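Following: one structure in C-alpha cells, then a few remarks.
Any value given below was found using the heavy atoms of this structure, including those in side chains, with hydrogens, waters and symmetry copies removed. Model, not experiment: these values are computed from the prediction. Note that ligands are numbered from 1 as they come in the structure, with each ligand's atoms numbered from 1 the same way.
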Amino acid sequence: MRIAVLASGAGSNLRALIAGRDDGRLPIEIVGVGSDKPACGAVASARAAGIPVFVHQPRDFADRAAFDAALFADLGAVRPDLIVCAGYMRLLSPEVVRSTRGRMINLHPSLLPAYPGLHTHARALADGVREHGASVHVVTEDLDAGPVLAQATVPVELNDTDLSLAERVRGREHPLLCAVIASLARGDLVLAAGAPPAWRGTPLTRPLRLGDDNRFMEVT
Ligand code: GRF
C-alpha cells in the first residue's frame with residue numbers, strides 16, 4: 001500500500017511507520033511526506049529516510065483552499081492509496097477532504113468523540129477522567145468527527161501532568177497507528193467512499209480496541 005503522511009510536529013509517529021516498514025511489519029511504501037512546517041522533526045526524519053518531502057508555507061498562499069490545493073497536488077503526484085495525518089496541525093479545507101473520498105485518516109490524541117480539537121490532555125485532566133487515549137478516524141469535513149476506526153486507552157494517574165499524560169498517550173499512538181495501517185494494507189480493514197468502514201467483511205459498529213499485545217482485540 002502506498003502511503004503519504006502529513007505532519008507538522010516532532011515526527012515520532014512518522015518514525016514509527018518508517019520503522020514498521022523497515023522491519024517488515026508494515027507492507028507499505030511511504031511515497032511522500034507533506035508539511036506546513038519546513039523545520040519540523042517530521043520533515044527532518046523524512047529527508048533522513050530518503051522519502052520525498054513536500055513543504056509549503058501558509059503565508060505564501062492567499063487562503064487555506066489555495067494552500068491545500070498546492071499541497072495535495074504534490075501528494076496526488078505520488079499516487080498514494082492512503083493519506084495519513086500524523087500530527088498534522090492545520091485544518092483541512094472541505095475541497096481536499098472531498099477529493100480524497102475517504103482515503104484519508106487522522107490520528108487524534110483522545111478517545112473520540114471526547115475532546116475533539118486542541119489541548120486534549122489538559123481537558124481530560126481538568127475533567128478528572130480515569131481513562132484517556134488516542135483514536136484513528138476517517139477524515140471528513142467536520143473536525144475530528146469522522147468514523148472512528150480504532151482506539152488505544154491509557155489510565156490517567158493521580159499525579160499526572162499534561163506532559164506525563166501526553167507522553168503516555170504517545171506511547172500507545174505508535175502501535176495504534178501501525179496496527180490500523182497494517183490492517184488496511186492487509187485488507188482486514190476496508191474503507192470505501194460512501195460506505196461505513198468494514199472489519200473482515202462486517203461494518204464496523206464501534207472502534208477496534210488495541211490490546212496490550214498491540215493487536216486488535218476480538219470484535220464481538
Ligand atoms: C500526536 O500526539 C498526535 O496525536 C497529535 O500530535 C502529536 C504528534 O506527535 N495530533 P509526533 O509529531 O508524531 O511525534
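Within the listing of ligand 1, atoms 4 (O), 10 (N) sit less than 4.0 angstrom from a heavy atom of Pro109. When each atom of ligand 1 is checked for a heavy atom of Gly9 under 4.0 Å away, the hits are 12 (O). Using a 4.0 Å cut-off to heavy atoms of Arg170, the atoms of ligand 1 that qualify are 2 (O), 9 (O), 14 (O).
Nearest non-hydrogen protein atom to atom 14 (O) of ligand 1 is Ser12 OG, 2.5 Å. The nearest protein atom to atom 12 (O) of ligand 1, hydrogens excluded, is given as Gly11 N, 2.7 Å; this is a heavy-atom distance. With respect to atom 4 (O) of ligand 1, the closest heavy atom belonging to the protein is Glu173 OE2, 2.6 Å.
Counting heavy-atom neighbours within 6.0 Å of Asp212 CG, excluding the residue itself, gives a total of 12 or less. No more than 12 heavy-atom neighbours from other residues, nucleotides or ligands sit within 6.0 angstrom of CZ on Arg215. Heavy atoms of other residues, nucleotides or ligands lying less than 6.0 angstrom from CZ of Arg98 number more than 12.
By the 3.5 Å distance cut-off applied to N or O atoms, His108 is not counted among the residues near ligand 1. Remark: ligand 1 and Gly87 share no N or O pair separated by less than 3.5 Å (distance only, no angle test). The shortest N or O to N or O distance between Ala10 and ligand 1 is below 3.5 Å.
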Begin with the C-alpha distance, continue with both residues' side-chain angles, and end with the deciding distance and a verdict on side chain to side chain donor-acceptor pair (under 3.5 Å) for His132 and His121. CA-CA 8 Å; His132 188 44; His121 311 304; 2.9 Å; yes
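Put simply, the residue from Ile3, Leu82, Val139, Thr100 that forms a side-chain contact (heavy atoms from CB on, under 4.5 Å) with Ile105 is Leu82.
Put simply, the side chain of Phe67 does not reach to within 4.5 Å of the side chain of Ser93, judged on heavy atoms.
Under a 4.0 Å heavy-atom criterion, Ala7 is not in contact with ligand 1.
Scanning all heavy atoms of the two residues, the minimum distance from Leu165 to Val154 falls at CD1-CG2, 4.3 Å.
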